[in-house]
Amino acid sequence: MTSNALFYQAGAELPLISHAKGIYMWDTQGKRYIDGCSGAITCSLGHQHPTVTAAMKAQLDQVAFSYRTQFESQVAIDLGDALVALTEAQLHKVFFVGSGSEAVESAMKLARQYFYDRGEPQRQRFVSLRPSYHGSTLGALGLTGYEPLERPYADLITPSVKVPSPDFYRFKEADIAAHIEAVLLQTEMAMAAQPEGSIVAFVLEPVGGASTGARMLNKRYVEGVRALCDRFGCLLIMDEVLSGIGRTGEWFAWQHWGICPDILVLAKGMGAGYYPVAGIMAKAELVDQVQNQGGFMHGHTYAGNPLACATGLAVIRAMHNENIVDNVREQGVYLRQQLELLKTRYDFIGDVRGIGFLQGVELVQSQDTKAPFPAAFNAFSKITEIAREKGLLIYPRRCLNGVEGDHFLVTPPLNTTRAEIDEMMTLLDQALAEFSRILP
């Protein structure tokens, strides 16, 4: 228990934050940390970015909040236009909210209302992957495939149809191509087992986040899912709360394969940690259907407020002006190389995966067996604590349904330099060396 009034998860008391600048953060005792995970994979331009903070201050001098049914704001319009341009006008409409969970819920409700307004109220079921993470509110939690988060609320949520996520590290088939075909076949069978015309949408992360340690998909799999959605008449929703806004070396991860979803979910990097802003993007025909029947029956008080939208617009403009996505492409390759080098030095690093500045490291008992550490050892927690003691922040979780398979994410701010990556890797090497001395 902590000594103050706040509570979150059980554990030791954490240091008090003092200030931050760039990729560095300091606690009130003067200790410096490298933000190797962008907070919660959120602070994509680091801390105290001058043009973002200036834009926020300028907006505060005008108006911070206006309600969406009373006024529209130019910055909201401009941010919407900027996002549409990033999709090369493949997605046409934008609906703003305040967080990733809200955005996932909004996507679910838009998809459901689209079919309801079309006269297909029987479409009530969603399909998603196990493992996966889509949010902590009850609707989004129904999509999530992460057992410890689901367990306390199992009798409150409406669970999706869970299908297996591709796993390029632990697959049992002859090769990845055969593995993908096997996973798609299982998925097809699960969807076919549902009552005819009952599926609303298939929801997936195009690159896995905290629930899988940056587990990858490939073009064949995404093409296969798109084909299944077309066959069963449902929508494809991509959750890019974590992977969107440049994190993978494209503005959106779906652009690596050229397969655009019907609805796209965004958060985290939209506000880059400066102010909560999130949203969904959708194809015009979906929104038109809903708007023509009286409008989207959904909304949040802070949705599309001027301060949030001014922040999001400043983030996108800064990323354009500073060629941030190009930096992620170039330095992401270098980051991956350095993590692969660490894998050659430590037999307990089983897999390094991901793309751009979304990289995951899975910890195992040995590279030969790929056996996960016993859950009671809490490897993911121990390596994170050791790294923090060294002055490096990384993001831990478990990738095998949340119950075992320890991993951590290395997801630095998108403007991180090669020299700063080297500094991160020096500290990570030190942490891994100390971790190696406490192995069971």
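One is the number of the first residue; the rest follow in order along the sequence.
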Item to complete: Please determine if Arg220 and Glu181 form a salt bridge, counting it only when a charged side-chain N lies under 4.0 Å from a carboxylate O.
Response: yes

Fill in: Donor-acceptor contact below 3.5 Å, side chain Glu105 vs main chain Gly139
yes

Worksheet item: Do His49 and Tyr274 have their ring centres less than 6.0 Å from each other?
Response: no

Worksheet item: Going through the distances and angles, do Glu423 and Tyr24 end up as a side-chain hydrogen bond (donor to acceptor under 3.5 Å, both in side chains)?
Response: CA-CA 11 Å; Glu423 192 175 1; Tyr24 303 103; 2.7 Å; yes

Worksheet entry | Asp429 side chain reached by Tyr346 side chain, heavy atoms, under 4.5 Å | yes

Worksheet entry | Between CD1 on residue Ile421 and OH on residue Tyr334, distance to nearest 0.5 Å | 7.0 Å

Practice prompt. Could you verify whether a donor N or O on one side chain and an acceptor N or O on the other, from Asn378 and Arg398, lie under 3.5 Å apart?
Written response: yes

Worksheet item: When you check the side-chain N and O atoms of Tyr33 and Asp27, is any donor under 3.5 Å from an acceptor?
Response: yes

Worksheet item: Any Lys/Arg nitrogen of Arg336 or Glu340 sitting under 4.0 Å from an Asp/Glu carboxylate oxygen of the other?
Response: yes

Worksheet item: Do Arg215 and Glu205 meet the salt-bridge criterion of a basic N to acidic O distance under 4.0 Å?
Response: no

Discussion item. We want to know whether His47 and Lys21 form a side-chain donor-acceptor pair, criterion being a heavy-atom distance below 3.5 angstrom.
Written reply: no

Discussion item. Going by salt bridge (Lys or Arg N to Asp or Glu O under 4.0 Å), name the residues that satisfy it together with Glu385, two or more places apart in sequence or in a different chain.
Written reply: none

Discussion item. Looking only at the aromatic ring of each residue, does the gap between the centers of Tyr395 and Phe408 stay below 6.0 angstrom?
Written reply: no

Discussion item. Taking the ring of Trp251 and the ring of His320, is the distance between their centroids below 6.0 Å?
Written reply: yes

Discussion item. Rounded at 0.5 Å granularity, tell me how far CE in Met108 sits from CD1 in Ile280.
Written reply: 12.0 Å

Discussion item. With a 4.0 Å cut-off on N to O distance, would you call Arg397 and Glu404 a salt bridge?
Written reply: no

Response to the item:
Correct closest heavy-atom pair for Ala253 and Val207 would be CB-CG2, 4.0 Å

Worksheet entry | Sidechain N-carboxylate O distance under 4.0 Å for Arg170, Glu362 | yes

Worksheet item: Is the NZ or CZ atom of Arg247 both under 6.0 Å from the centre of the six-membered ring of Phe357 and within 45° of that ring's axis?
Response: no

Item to complete: Nearest 0.5 Å please: distance from the CG atom of Asp351 over to the OH atom of Tyr169.
Response: 6.0 Å

Worksheet entry | Beyond-backbone contact of Thr87 with Trp254, side-chain heavy atoms, under 4.5 angstrom | yes

Worksheet item: Phe377 ring centre to Lys382 NZ or CZ under 6.0 Å, with the angle to the axis within 45°?
Response: yes

Worksheet item: With no hydrogens and no angle check, is any side-chain donor or acceptor of Ser106 less than 3.5 Å from a backbone partner on Glu102?
Response: yes

Worksheet item: Heavy atoms, side chains only, cut-off 4.5 Å: are Leu342 and Ile349 in contact?
Response: yes

Item to complete: Starting at NE2 of His300, measure out to OG of Ser99 and round the result to the nearest 0.5 Å.
Response: 7.5 Å

Fill in: Heavy-atom donor-acceptor pair, His92 side chain to Ala284 backbone, under 3.5 Å
yes

Worksheet item: Can we say Arg226 and Asp230 salt-bridge, meaning some charged N sits less than 4.0 Å from an Asp/Glu carboxylate O?
Response: yes

Worksheet item: Stepwise, does the ring-ring contact (aromatic ring centres under 6.0 Å, His included) test hold for Phe435 with Phe348?
Response: CA-CA 10 Å; Phe435 177 77; Phe348 56 81; 5.1 Å; yes

Discussion item. Looking at every non-hydrogen atom in both residues, tell me the closest pair between Cys229 and Leu236 and how far apart they are.
Written reply: SG-CB, 4.0 Å

Worksheet entry | SB check Arg130 Glu147 (cutoff 4.0 Å) | no

